[in-house]
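Let me begin by presenting the structure, written as structure tokens, before commenting on it.
Throughout, protein chains are lettered first and strands after them, A, B, ... in sequence-line order, and every chain is numbered starting at 1.
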Amino acid sequence: MNAENLLFMILMIAFPFYLAAFVLYSIRIVKGPTIFDSVLAVDCLSFDLAAFIAILAIYFRSAFLATSAIILALWAFLLDLYLAKYFLKREVGI
Amino acid sequence: MIFIHLVILAISMILGFVFSYLAIMEEDLLKAVIYSAGQGVMFSIAFYILMAPDVLLAYIAIAIGIYTALLVFVISKTERKEVV
Amino acid sequence: MISEALMYIGGILVIIGGICDFFGALGLLRFPHFYVRLHAATVGTIGGAVVPLIGAAILALGCDFLGWIRYPIAGMSFITAILILIVSPTATHALAFAAHRSKAIEWKEKVCDHLEGVKR
Amino acid sequence: MKRGHIIALGVFIALILLVSLGITFVGKVPMTTDVRPLGLFYLKNSYFGNYAARSPEVVTSILWDYRGLDTLFETGVFFLAIISALALFRIEKKEEKVKEKGEGFTFIVKDTVRIISVLIVAVSAAIALHGHLTPGGGFQGGSALAVVPLLIIVAFSKYALEGRGLTKDTAMIVRSIGLISIIILVLIPLAAGGYLMQNLPVFPSHILGQLTSGSLVFYNLFEYIAVGAGFTAVFLLLSIPEKVFHKIIGGEKE
Amino acid sequence: MIEMFLWALVLVSLMATLVISIYGIVIRPSLIKKLIALTILTDSANLLAIMIGYRLIYPVIPPVLPQRTQEGLSKFIASSVDPLPQALVITAVVIGMAVNVLIAFAIIQIYRICGTTDVRKIAEVMKDGKT
């Protein structure tokens with residue numbers, strides 16, 4: 001078995017798990033009885049998407065696409081902090 | 001081989017439609033903001049598959065970072081519920 | 001030889017990450033309330049994002065047919081893994097702190113509130 | 001989430017599936033496999049050729065060379081929007097100096113933000129300054145830089161940022177410096193005998209052996225500064241607590 | 001055939017997103033909800049513009065030249081997507097954000113004057129001349 005077929009096989013085993021996990025996280029975002037559940041699910045979705053982007057960059061064979069992962073991992077953090085601060089103080093700037 | 005691209009694209013677009021429907025129909029505005037962030041995540045997968053890394057870098061920072069922060073500011077200064 | 005071994009190790013890590021991701025999502029969907037769901041979220045982020053990112057770095061290093069672009073992909077993946085390792089616990093901490101203080105989660109108190117008198 | 005929403009969503013998704021099935025079997029979907037001639041011209045001429053911008057990044061070379069005037073006026077629209085937003089929130093009286101520091105968040109979040117904000121500045125500078133080689137550029141880097149003051153506002157407080165000297169006026173001054181530098185860069189080729197926003201023969205394509213693609217790197221740098229400072233000014237103004245505004249506007253009680 | 005079905009599914013769901021966001025802008029009463037719907041409309045319009053430039057071939061790469069040689073150039077032209085819509089969309093994203101900031105400031109100012117963000121109540125307050 002040559003290397004490209006091995007890579008293709010590994011990725012074909014891994015992709016359905018990731019896509020199913022995205023759908024399940026989306027169901028939790030939609031269902032979430034409180035806002036905190038939804039935010040937690042958005043958080044997990046973004047971090048896992050960062051991992052998925054890095055793996056897809058190997059599949060697409062393009063180095064320029066891998067930069068987005070680092071940005072996505074940094075930015076999902078901001079949403080959590082803002083919602084938490086809103087619930088803590090009701091006024092974000094203090 | 002293009003099949004895999006199209007499957008990921010179709011899943012992300014349908015989930016994006018679900019999130020945007022809920023963001024527009026939800027009465028609690030804070031939940032609507034979170035659904036809007038979810039829609040931003042889904043559309044960013046679509047931008048990634050459509051091979052637009054330049055747009056993706058701007059879109060992630062705007063739609064997930066700055067935009068939700070702006071809406072939380074606005075909601076904390078005005079009101080949270082929408083009366084239909 | 002070395003590159004093949006790197007590919008096997010990276011592939012196994014990526015598949016383990018996918019499985020962790022799936023079960024973390026399942027736990028997030030099935031657990032009863034928010035404080036229990038935080039555990040599933042840990043499985044989903046640390047097991048489902050950090051492990052496959054390190055696996056992707058090793059896998060990219062092993063792929064000889066990619067040419068020079070395997071080094072930037074590996075570096076980006078590794079930096080992202082370290083970053084998620086720092087950021088994700090902080091985010092869940094902030095959410096749990098805010099949920100506890102604002103008393104937004106309804107659940108039956110089993111023992112007592114140890115954080116009652118703790119100053120910030 | 002109510003029951004009605006679930007039923008409506010199911011109906012909508014079923015409708016989408018049916019319509020796309022119908023389109024597949026009855027009609028025809030445009031599935032392009034080639035590039036349009038204009039796009040092909042940009043792809044061919046971005047790095048090689050007589051009309052080249054000497055940049056391997058085609059999008060940035062379109063953005064600041066081939067369609068530079070377009071982007072220049074878009075930047076003008078951006079600054080008009082920011083200026084009118086600031087004018088809506090204009091405060092006549094001086095905002096009284098607040099001595100209190102503001103509590104902020106817990107110390108775990110504070111420490112993480114201390115590490116992460118340095119990292120974000122580095123990442124955004126890398127995105128903006130490598131905009132002519134890899135994906136990225138002034139707009140992307142600037143909108144990434146604007147997240148740093150947002151993180152500091154939420155983890156510490158607005159007063160921690162203003163105590164260090166980054167007030168609204170400072171951000172406005174930095175933004176104006178970026179804008180004026182862009183205008184000077186637009187006008188330099190006129191003095192050298194070219195036309196407006198000319199790129200290559202006027203600016204050198206290599207500086208110290210590094211590929212800088214003429215004026216693209218300078219445009220990216222100043223756009224980065226300007227966009228980041230503009231968003232910072234807006235969010236500093238937005239994070240003033242509402243109580244202060246009620247005191248200033250005239251004691252309306254609500 | 002199945003590829004055409006998936007591509008049609010993508011396009012139709014994008015159109016459905018456009019329609020539902022126009023519904024949100026026109027019908028929903030709250031101003032903040034109108035702002036959220038406006039961003040969804042902007043995003044889906046941008047995505048449609050990007051989709052016009054996409055090519056349905058397998059080795060498809062972003063419009064960044066990988067190797068700076070002549071062979072690299074011919075390989076690049078054979079498999080790169082159209083760069084022109086992307087260049088137009090980048091400015092549209094950032095400008096749309098700036099305009100949204102302006103709208104948000106206007107909403108806060110309207111709330112300070114009228115005490116509500118509901119469009120019908122704002123009309124009543126304006127008619128009574130309480131301000």
Practice prompt. Write out, in numerical order, the residues from residues 37-46 of chain A with a heavy atom short of 4.5 Å from a heavy atom in chain D.
Written response: none
Worksheet item: Would you say the side chain of A:Leu81 lies within less than 4.5 Å of the side chain of D:Val113, judging by non-hydrogen atoms?
Response: yes
Item to complete: Under 4.5 Å, heavy atom to heavy atom: which of residues 52-72 of chain A reach chain D? Give them by number, or say none.
Response: A:Phe64, A:Ile70, A:Ile71
Practice prompt. Mind jotting down which residue pairs meet the ring-ring contact (aromatic ring centres under 6.0 Å, His included) criterion with at least one end in residues 119-148 of chain D? Sequence neighbours excluded, please.
Written response: none
Fill in: Part of D:Ile152 within contact of chain A (heavy atom distance under 4.5 Å)
neither
Discussion item. Which one wins on heavy-atom pair count under 4.5 Å against chain A: D:Leu150, D:Leu151, D:Thr134?
Written reply: D:Leu150
Discussion item. Between A:Trp75 and D:Ile120, is there a side-chain heavy-atom distance shorter than 4.5 Å?
Written reply: yes
Donor-acceptor pairs are to be reported for all side-chain atoms of residues 6-20 of chain A against protein atoms at under 3.5 Å, with residues two or more places apart or in another chain.
none

Response to the item:
When every non-hydrogen atom of A:Lys85 is compared with those of D:Phe156, the smallest separation belongs to NZ-O, 4.1 Å
Worksheet item: Is it the backbone or the side chain of D:Leu119 that comes under 4.5 Å from a heavy atom of chain A, or both, or neither?
Response: neither
Item to complete: Measure distances from D:Thr112 to the heavy atoms of chain A and classify the residue's part below 4.5 Å as side chain, backbone, both or neither.
Response: side chain
